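Please read the structure below before turning to the comments.
Both backbone and side-chain heavy atoms feed into the values below; hydrogens, waters and symmetry mates do not. None of the values given here were measured: they were computed from a predicted structure.
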Amino acid sequence: MKKEISTRFPGVHRLLHWLIAISMTLLFITGFLRMKWMGKKTILNAIEQNVPNLISQEQKISIAKTILSPMWHWHEWAAYAMLFLFGLRIIYMILGGIRFPNPFKRSVPAKERLQGLIYIIFYIFIAVFIITGFYLKWGDGSLKKPMEAVHKWALYVFPIFIVIHLIGIVISELSSKKGITSRMLGG
């Protein structure tokens with residue numbers, strides 16, 4: 001019989017976890033739509049196919065921007081929420097102690113060191129995406145192309161993290177941390 005770990009997750013921990021998950025999901029969906037199905041070029045092409053010479057190019061661009069604007073506002077609001085929540089999460093970890101294994105301690109088992117390393121990499125990626133996103137919104141534009149390229153990595157990093165996270169949950173549930181999912185949901 002596997003030993004169950006009695007770690008409880010305080011309400012603040014769970015709330016931050018799920019609010020960050022919701023913010024990241026909104027950021028991913030709106031970013032994906034903007035880059036793939038609802039990009040400016042896609043919408044402009046649709047307008048040009050349906051009203052080829054009836055309106056000017058400037059009017060077509062204005063229509064495309066009007067269509068994209070509400071979705072983009074959602075992306076920006078989710079980004080502000082993510083910045084705030086990520087800051088709270090870092091403060092919470094500092095004040096309450098880090099809630100994941102230290103990957104640099106040799107006394108920690110290899111599996112847990114890997115887990116800790118994945119979390120650190122994930123937090124670095126989040127910080128990079130926040131910095132690049134806010135640079136694209138508020139920066140002087142001199143580094144727009146490289147910042148935009150790095151920011152778009154989120155489209156690939158987010159699904160990879162979700163898969164790794166789900167694999168980690170399954171492994172935890174099948175190991176000595178059985179019940180971690182229900183504790184993250186209900187405390």
Side-chain angles (χ1 to χ4, degrees), residues 4-39 68-103 111-139 147-148 150-175 177-187:
E4 184 175 328
I5 305 294
S6 63
T7 303
R8 299 245 182 270
F9 295 105
V12 171
H13 185 92
R14 294 190 324 270
L15 182 65
L16 283 172
H17 179 272
W18 291 110
L19 289 175
I20 287 171
I22 290 167
S23 297
M24 286 179 59
T25 301
L26 278 171
L27 288 165
F28 175 76
I29 290 169
T30 54
F32 179 81
L33 288 173
R34 170 82 178 222
M35 285 178 57
K36 301 299 179 188
W37 290 329
M38 292 188 67
L68 290 171
S69 182
M71 179 182 63
W72 204 243
H73 288 303
W74 277 86
H75 190 82
E76 289 176 346
W77 281 108
Y80 288 119
M82 188 66 192
L83 174 65
F84 177 72
L85 294 167
F86 185 67
L88 284 179
R89 175 70 179 184
I90 298 300
I91 292 167
Y92 172 75
M93 286 182 357
I94 290 168
L95 295 178
I98 295 177
R99 300 287 267 180
F100 56 83
N102 184 342
K111 182 180 101 176
E112 291 180 20
R113 285 199 323 252
L114 177 62
Q115 177 189 7
L117 185 61
I118 289 169
Y119 272 104
I120 288 171
I121 291 168
F122 175 67
Y123 283 120
I124 289 169
F125 272 124
I126 288 178
V128 166
F129 298 143
I130 288 171
I131 291 165
T132 56
F134 280 95
Y135 176 85
L136 292 170
K137 173 75 175 167
W138 301 106
M147 290 290 200
E148 193 172 55
V150 170
H151 192 70
K152 288 179 180 180
W153 291 351
L155 199 61
Y156 306 102
V157 170
F158 180 74
I160 291 168
F161 174 75
I162 293 300
V163 169
I164 290 171
H165 196 62
L166 292 174
I167 289 169
I169 290 168
V170 169
I171 290 169
S172 291
E173 288 292 342
L174 297 174
S175 72
K177 293 184 180 179
K178 187 170 183 58
I180 196 166
T181 304
S182 61
R183 288 191 305 274
M184 183 51 85
L185 293 172

| query | Would you say His75's side chain and Thr30's backbone share a donor-acceptor pair under 3.5 angstrom? | reply |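 No, His75 side chain to Thr30 backbone: no donor-acceptor pair under 3.5 Å.
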
| Counting N and O atoms only, with roles assigned by atom type, does the side chain of His151 sit under 3.5 Å from a partner on the main chain of Thr132, one being a donor and the other an acceptor? |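 No.
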
Going by heavy atoms in the side chains, are [X] and [Y] under 4.5 Å from each other?
X      : Y      : value
Trp77  : Ser23  : no
His13  : Met93  : no
Phe122 : Ile164 : no
Phe125 : Phe161 : no
Trp153 : Phe129 : yes

| task | Assess whether side chain to side chain contact (heavy atoms under 4.5 Å, CB included) is satisfied between Ser175 and Lys111, documenting all intermediate values. | result | CA-CA 11 Å; Ser175 72; Lys111 182 180 101 176; 3.6 Å; yes

Please round to the nearest 0.5 Å and tell me the distance separating atom [atom1] of [X] and atom [atom2] of [Y].
X      : Y      : atom1 : atom2 : value
Leu15  : Leu85  : CG    : CG    : 8.0 Å
Met35  : Lys152 : CE    : NZ    : 5.0 Å
Leu16  : Ile91  : CG    : CD1   : 10.0 Å
Met82  : Ile126 : CE    : CD1   : 4.0 Å
Ile169 : Leu174 : CD1   : CG    : 12.0 Å
Met71  : Glu76  : CE    : CD    : 11.0 Å

| task | Test Thr25 against every option in Ile22, Ile29, Leu27 by the side chain to side chain contact (heavy atoms under 4.5 Å, CB included) rule and name the one that passes. | result |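 For Thr25, the side chain to side chain contact (heavy atoms under 4.5 Å, CB included) check succeeds only for Ile29.
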
| task | Run the numbers on Tyr80 and Phe134 for ring pair (Phe, Tyr, Trp, His ring centres under 6.0 Å), then give the verdict. | result | CA-CA 9 Å; Tyr80 288 119; Phe134 280 95; 5.3 Å; yes

| Is the number of heavy atoms from other residues, nucleotides or ligands under 6.0 Å of Phe84 CZ greater than 12? |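 No - once you tally the heavy atoms of other residues, nucleotides and ligands closer than 6.0 Å, there are 12 at most.
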
| task | Give a yes or no on whether Trp72 atom CH2 has more than 12 heavy-atom contacts from other residues, nucleotides or ligands under 6.0 Å away. | result |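 Counting other residues, nucleotides and ligands, CH2 of Trp72 exceeds 12 neighbours.
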
| Steps toward side chain to side chain contact (heavy atoms under 4.5 Å, CB included) verdict (Glu112, Phe100) | CA-CA 8 Å; Glu112 291 180 20; Phe100 56 83; over 6 Å; no

Show the nearest heavy-atom pair for residues [X] and [Y], with the distance to one decimal.
X     : Y     : result
Leu26 : Trp74 : CD2-CE3, 4.1 Å
Tyr92 : Pro10 : OH-CG, 3.7 Å
Leu68 : Gly39 : CD1-C, 4.4 Å

| field | Chi angles and distances behind the side chain to side chain contact (heavy atoms under 4.5 Å, CB included) call for Leu33, Trp37 | value | CA-CA 5 Å; Leu33 288 173; Trp37 290 329; 3.7 Å; yes

